[in-house]
Protein chains: 2
Amino acid sequence: MLQLSKKVEYGLIALRHMAMNPRGQVFAAKEIAVKFDISYELLAKVLQKLTKAGVVISTQGMHGGYSLAKKPNELRVSSIISVIEEERPTIAECYAEGGEDCSIFNACTIRKPLGKMQHNLNLLLENTTLEQIV
Amino acid sequence: MLQLSKKVEYGLIALRHMAMNPRGQVFAAKEIAVKFDISYELLAKVLQKLTKAGVVISTQGMHGGYSLAKKPNELRVSSIISVIEEERPTIAECYAEGGEDCSIFNACTIRKPLGKMQHNLNLLLENTTLEQIV
DNA sequence: GTAATATAAGACTGGAATAGTCGTATTTAT
DNA sequence: ATAAATACGACTATTCCAGTCTTATATTAC
């Protein structure tokens with residue numbers, strides 16, 4: 001209930017690890033996976049998404065790996081989640097994309113009132129940056 | 001991601017419906033289910049949990065049903081969720097009961113920093129009462 | 001130029017959680 | 001007695017998620 005997914009957790013762990021080391025340093029996915037006892041394949045996929053989104057820079061080939069593309073204070077948890085999950089974090093289906101498709105959309109009476117909670121959650125996630133997680 | 005379950009949604013819809021009508025009025029589960037186009041059986045189970053927890057009062061038999069046991073401003077979303085899910089809402093496994101069993105508990109580096117987010121989520125859910133959802 | 005070590009990307013699988021259903025017992029007003 | 005309601009547990013179906021596997025590509029070292 002309301003939990004972050006493992007993918008997001010792994011992403012945050014990896015990003016934090018990068019943020020704690022000198023800027024520009026490169027880390028292999030395997031290296032991070034071993035260090036934190038995490039599934040390498042899962043972490044790799046997460047890092048690939050973060051690469052596509054420009055959160056992280058990848059260098060292929062031997063001695064390759066990932067490094068932070070932005071300053072930790074520029075990275076919001078909200079956008080990290082959005083990138084990894086490929087959708088904004090929402091409290092209910094109706095606040096996600098295509099939310100009108102919710103089976104009870106029309107009869108639903110709590111959508112509007114819950115909007116406040118959604119808004120506050122947004123603020124919470126937007127105001128938390130990687131810097132604060134270091 | 002971070003979404004409330006259908007059970008919680010249905011519970012909130014039912015509670016809100018009661019809160020909008022005169023105190024003490026009794027509503028049958030079936031009646032509410034039809035009105036909001038919701039699974040009757042699911043809603044019934046939710047209302048039974050709310051009854052056990054003293055959130056709602058049930059009267060059995062013909063013309064029976066449920067009515068609010070407390071004032072809307074005394075009912076916090078956090079406790080409604082706890083009752084229906086039978087566990088506190090948490091952002092990650094490690095903040096739930098028995099969280100030390102998380103497979104990466106020891107290697108995890110984001111537990112402490114995420115604690116702030118968990119705390120803020122707690123505040124958000126505790127400060128939102130049924131009254132504000134009406 | 002070949003081997004070794006990385007990322008890239010997609011398909012596949014198993015298991016857990018969730019949503020929903022069904023059946024039966026019990027309670028109570030009429 | 002009957003009808004209408006809650007109580008409760010078992011069951012099923014489906015969806016989601018974590019994790020695995022496979023293959024391709026890029027880069028460096030030698």
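Proteins come first, then strands; the chains are lettered A, B, ... in the order of their sequence lines, and each starts at number 1. All heavy atoms count here, side chains included; hydrogens, waters and symmetry mates do not.
Atom-to-atom, CG of Leu43(B) to P of dC22(C) comes out at 17 Å; the value is rounded to the nearest Å. Spacing between atom CD of Glu87(A) and atom C1' of dC17(D) amounts to 13 Å, rounded to whole angstrom units. When the P atom of dT18(C) is taken as reference, atom CD1 of Ile81(B) falls 13 Å away, rounded to whole Å. Summarising the geometry, the separation between CE on Met62(A) and C1' on dA4(C) is reported as 5 Å, rounded to the nearest angstrom. Atom pair Ile57(A):CD1 and dA8(C):P shows a separation of 12 Å (rounding to whole Å applied). Distance Ile84(A) CD1 to dA18(D) C1': 14 Å, rounded to the nearest Å. Distance Gln48(B) CD to dT27(C) C1': 13 Å, rounded to the nearest Å. Between Lys52(A) atom NZ and dG10(C) atom C1' the separation is 11 Å, expressed in whole Å.
Judged purely by distance below 3.5 Å, without hydrogens or angles, the side chains of Thr129(A) and Gln132(A) pair a donor atom with an acceptor atom.
Contact annotation: Tyr40(A) side-chain N/O to dT5(C) OP1/OP2 distance is not under 4.0 Å. The phosphate of dG19(D) (OP1 or OP2) has a side-chain N or O of Tyr10(A) nearer than 4.0 angstrom.
For CZ of Arg88(B), the number of neighbouring non-hydrogen atoms (other residues, nucleotides, ligands) closer than 6.0 Å is 12 at most.
In terms of position on DNA chain C, the residue among His63(B) and Glu85(B) whose nearest nucleotide sits closer to the 5' end is Glu85(B). Position along DNA chain C of the nearest nucleotide to Met1(A) versus Gly61(A) favours Gly61(A) as the more 5'-ward residue.
Residue side chain Lys45(A) does not reach the base of dT7(C) through any donor-acceptor N/O pair under 3.5 Å, judged by distance alone.
Glu85(A) has no carboxylate O lying under 4.0 Å from a charged side-chain N of Lys49(A), or vice versa, which leaves the two without a salt bridge.
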Working note: Leu68(B) + Leu75(B), criterion side-chain contact (heavy atoms from CB on, under 4.5 Å); need CA distance, chi angles, decisive distance, verdict. CA-CA 10 Å; Leu68(B) 268 191; Leu75(B) 269 178; 4.0 Å; yes

